[in-house]
J.: 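Please find one structure pasted underneath; my questions will follow.
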Amino acid sequence: MDGEYWRLVTAFSVGEPGEYTVFCGDPSDGQRYAVAHGEDGAATTATILSVFVAGGAPVLLGFLLGATVELVTLTRRRRLRAHLLRQRTGSPPPHR
């Protein structure tokens, strides 16, 4: 907008649909104001949280899947190693 900078000064909501008059200050102060339709803070917060959940859920699931595979692999390797050592040394299997 040709070097113009707009920022949110305040927000308001109305209880019922209808025609309203909005005053934005004294016209002689040189400031220009605009009224626009936008989301309230709760909707913005919900949008931001949904983006984090949507982006974080696959990461968390990947981490959990990787940790599960790692634990299963380590357990199987430990059992196989113990089995091979028992075969090599000729010791009896452990009592369970």
J.: Would you compute the distance between atom CG of L85 and atom CG of L80 and round it to the nearest 0.5 angstrom?
T.: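 Reported value, rounded in 0.5 Å steps: 9.5 Å.
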J.: Should we say atom OH of Y20 is surrounded by more than 12 heavy atoms from elsewhere, each under 6.0 Å from it?
T.: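 Enclosed: over 12 neighbouring heavy atoms sit under 6.0 Å from OH of Y20.
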J.: In the single-linkage hydrophobic clustering (I, L, V, M, F, W, Y; side-chain heavy atoms under 4.5 Å), do L65 and V72 co-cluster?
T.: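 No: no chain of side-chain contacts under 4.5 Å links L65 to V72.
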J.: Could you go step by step and tell me if R88 and L84 meet the side-chain contact (heavy atoms from CB on, under 4.5 Å) rule?
T.: CA-CA 6 Å; R88 188 174 197 186; L84 292 174; over 6 Å; no
